[in-house]
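One structure is given below, encoded as structure tokens.
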Amino acid sequence: MLRNILIVDDDSSLRLGIKRTLDNPKYKIVTTYGFKDTKELDPNLKLDLAIVDLNLNDGKGTDLISELKNKHPNMQSILITGEHSIHITIAQAINQGIFYFIPKPFESSALINLVQKALKQKELIEQNKNLKSNIKKQFHFKQIIGQSSLIVELTEWMHKVAKCSSNILITGESGTGKELVARSIHCSQDSDRPFISVNCGAIPKELLESEFFGHVKGSFTGAVNHHRGYFSASQDGTLFLDEIGTMDLSLQVKLLRVLQEKTFRPIGSVESVSTNARIISATNIDLEKAIEKGLFRKDLYYRLNIIPIRIAPLRERKEDIPLLVQHFLKKLSKNKINMSETALNNLCHYKWPGNIRELENLIERLCVFKETGEIQESDLPEKYLNKKPIVSPLESIEIPKQGLDFNKAITNYENSLLLKALKKTNWNKRRAALLLNLNRTTLLEKIKKKGLQMSYDDIL
């Protein structure tokens with residue numbers, strides 16, 4: 001693919017030198033000397049890369065790059081700077097989306113390598129753009145599987161908070177899908193913007209500040225290149241801080257300052273960089289208890305917890321298990337495998353300490369060994385078998401002094417159980433049968449025999 005490269009410099013000899021250095025049949029090179037003749041370029045020309053001198057006769061190169069990016073959003077840019085000015089320019093340049101710099105004087109090989117790197121980045125952006133529609137489908141609210149009242153409430157809340165830019169704190173046990181919820185909130189508005197996911201507990205302490213805020217070349221031993229960091233990478237998008245409760249206290253102080261001031265300073269830079277990244281945090285620990293133990297800052301907690309979202313563990317919404325099983329079977333076996341009612345009934349009575357992640361891993365394991373057909377109760381590992389019979393709390397029924405009608409009391413109790421299960425599942429008879437450990441046909445016969453019907457209150 002032919003790449004269009006623009007060179008802007010008011011020094012004609014430097015323009016010509018760069019053009020000769022980049023002479024390549026894969027490149028179409030256009031040169032201008034400043035703002036005026038750059039504006040006269042063919043409006044149909046799609047720029048892939050602009051190489052611009054910082055100091056032009058008619059303005060600043062950073063301002064020109066900003067104008068060009070408005071017309072060519074995915075265009076990459078290289079800023080040519082004097083060695084003495086690079087450190088005071090870097091913060092402003094990062095704010096304007098410029099991440100490639102080359103100081104004068106420079107070697108031809110260094111320029112060629114930087115151009116190749118910038119164009120490779122452009123290629124990756126184009127590839128990612130082709131995947132955006134699939135990503136948006138993958139992380140849409142519809143991927144939050146379930147019909148329980150807890151899931152309905154969760155998705156309704158997600159729809160509301162997706163429209164605002166406030167910080168969100170997602171809490172829930174490990175394996176409940178906290179990152180899926182975060183990505184769904186992000187992608188529901190604009191999947192073209194960056195979503196940067198960071199596991200706060202996986203970064204070595206000595207690299208924390210550099211990874212989050214970036215650094216300039218030469219700012220410390222080993223800083224051989226400029227590094228932009230997570231906050232710069234997530235500009236205009238979302239920065240997802242997973243396992244925020246494991247973040248080191250020293251970084252918590254710096255993160256709090258960024259949230260308060262909306263600016264940060266890369267290591268080695270003398271200028272601050274503004275940020276408008278939305279912060280979504282997640283944790284599987286109780287942050288309020290961590291605050292009491294001195295492991296987490298109270299002021300940071302309140303900054304992050306503007307909008308709280310709790311994801312219920314799977315044991316609190318067991319009526320969603322059949323839908324999740326069906327979803328994973330379809331995903332992992334492409335409808336070649338199904339599950340028997342007795343096997344499914346066992347899974348519905350398991351406590352799922354690993355939540356949805358554990359359920360998906362189990363279904364994947366079963367699909368590998370089963371390949372085709374129906375998963376039976378005998379196919380389940382022993383720990384997933386429901387060994388304890390369901391015991392009805394009949395001891396709660398009091399017998400009055402004058403006695404009672406035994407058959408009538410049993411009938412009323414049975415009716416009460418059936419109606420509670422039906423109401424809990426919004427009258428989904430298959431899921432109600434699973435809750436009661438009954439066959440679906442048995443439940444249907446009882447409903448018909450007893451004349452049970454959905455009430456007006458159930459509809460509301």
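Just so you know, residue 1 is the first one in the sequence shown, and it goes up from there. Computed from a prediction, not measured in an experiment: that's the story for all the values here.
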Does a side-chain heavy-atom distance below 4.5 Å link [X] with [Y]?
| X | Y | value |
| --- | --- | --- |
| Ile51 | Val115 | yes |
| Cys348 | Arg431 | no |
| Asp236 | Asn276 | yes |
| Phe101 | Lys217 | no |
| Thr275 | Tyr230 | no |
| His227 | Glu211 | yes |
| Ile80 | Phe106 | yes |
| Ile244 | Phe296 | yes |

What's the verdict on side-chain contact (heavy atoms from CB on, under 4.5 Å) for Lys104 and Asp53, showing C-alpha distance, side-chain angles and the deciding distance?
CA-CA 10 Å; Lys104 300 176 186 177; Asp53 198 322; 2.7 Å; yes

Look at the aromatic rings of Phe212 and Phe231 and report parallel, tilted or perpendicular, splitting at 30° and 60°.
tilted

Ile145 vs Asp320, test: side-chain contact (heavy atoms from CB on, under 4.5 Å). Steps then yes/no.
CA-CA 7 Å; Ile145 306 297; Asp320 292 331; over 6 Å; no

Looking only at side-chain N and O atoms, does Asp248 offer a donor or acceptor that is under 3.5 Å from a partner on Ser250?
yes

Asn284 versus Ser174, side-chain donor and acceptor atoms under 3.5 Å:
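No donor-acceptor contact under 3.5 Å links the two side chains.
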
Does [atom1] belonging to [X] count more than 12 external heavy atoms closer than 6.0 Å?
| X | atom1 | answer |
| --- | --- | --- |
| Lys122 | NZ | yes |
| Gln326 | CD | no |
| Phe220 | CZ | yes |
| Glu107 | CD | no |

Distance-only, no hydrogens or angles: does the [X] side chain make a donor-acceptor pair with backbone N or O of [Y] under 3.5 Å?
| X | Y | result |
| --- | --- | --- |
| Asn113 | Ala110 | no |
| Asn4 | Lys46 | yes |
| Asn346 | Asn386 | yes |
| Glu243 | Gly201 | no |
| His215 | Ser269 | no |
| Asn439 | Thr441 | no |
| Thr155 | Val152 | yes |
| Ser232 | Gly229 | no |
| Trp352 | Leu347 | yes |
| Thr238 | Ser234 | no |

Looking at every heavy atom in both [X] and [Y], which two are closest together, and how far apart are they?
| X | Y | answer |
| --- | --- | --- |
| Gln147 | Asn426 | O-ND2, 4.0 Å |
| Ala282 | Leu169 | N-CD1, 4.3 Å |
| Ala118 | Leu49 | CB-CD1, 3.9 Å |
| Leu422 | Ala432 | CD2-CB, 3.8 Å |
| Leu324 | Ile356 | CD1-CG1, 4.3 Å |
| Gly146 | Ile151 | O-CG2, 3.5 Å |

Taking atom [atom1] of [X] and atom [atom2] of [Y], what is their separation to the nearest 0.5 Å?
| X | Y | atom1 | atom2 | result |
| --- | --- | --- | --- | --- |
| Leu255 | Leu249 | CG | CG | 12.0 Å |
| Leu207 | Leu251 | CG | CG | 11.5 Å |
| Gln76 | Tyr100 | CD | OH | 5.0 Å |
| Glu377 | Asn345 | CD | CG | 8.5 Å |
| Leu119 | Leu124 | CG | CG | 11.0 Å |
| Asp48 | Met75 | CG | CE | 10.0 Å |

Would Val161 and Ser166 satisfy side-chain contact (heavy atoms from CB on, under 4.5 Å), going step by step from the backbone distance to the final call?
CA-CA 8 Å; Val161 303; Ser166 301; over 6 Å; no

Kindly determine whether Leu323 and Phe328 satisfy side-chain contact (heavy atoms from CB on, under 4.5 Å), including the steps that lead there.
CA-CA 9 Å; Leu323 291 174; Phe328 291 136; over 6 Å; no

Given the rule in the salt bridge (Lys or Arg N to Asp or Glu O under 4.0 Å) test, do Glu153 and Arg317 qualify, once you have shown the distances and angles that lead to the verdict?
CA-CA 12 Å; Glu153 183 181 352; Arg317 52 184 187 96; over 6 Å; no

Should Lys383 and Glu358 count as an ion pair when the cut-off is N to O under 4.0 Å?
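Looking at Lys383 and Glu358, the cut-off is met.
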
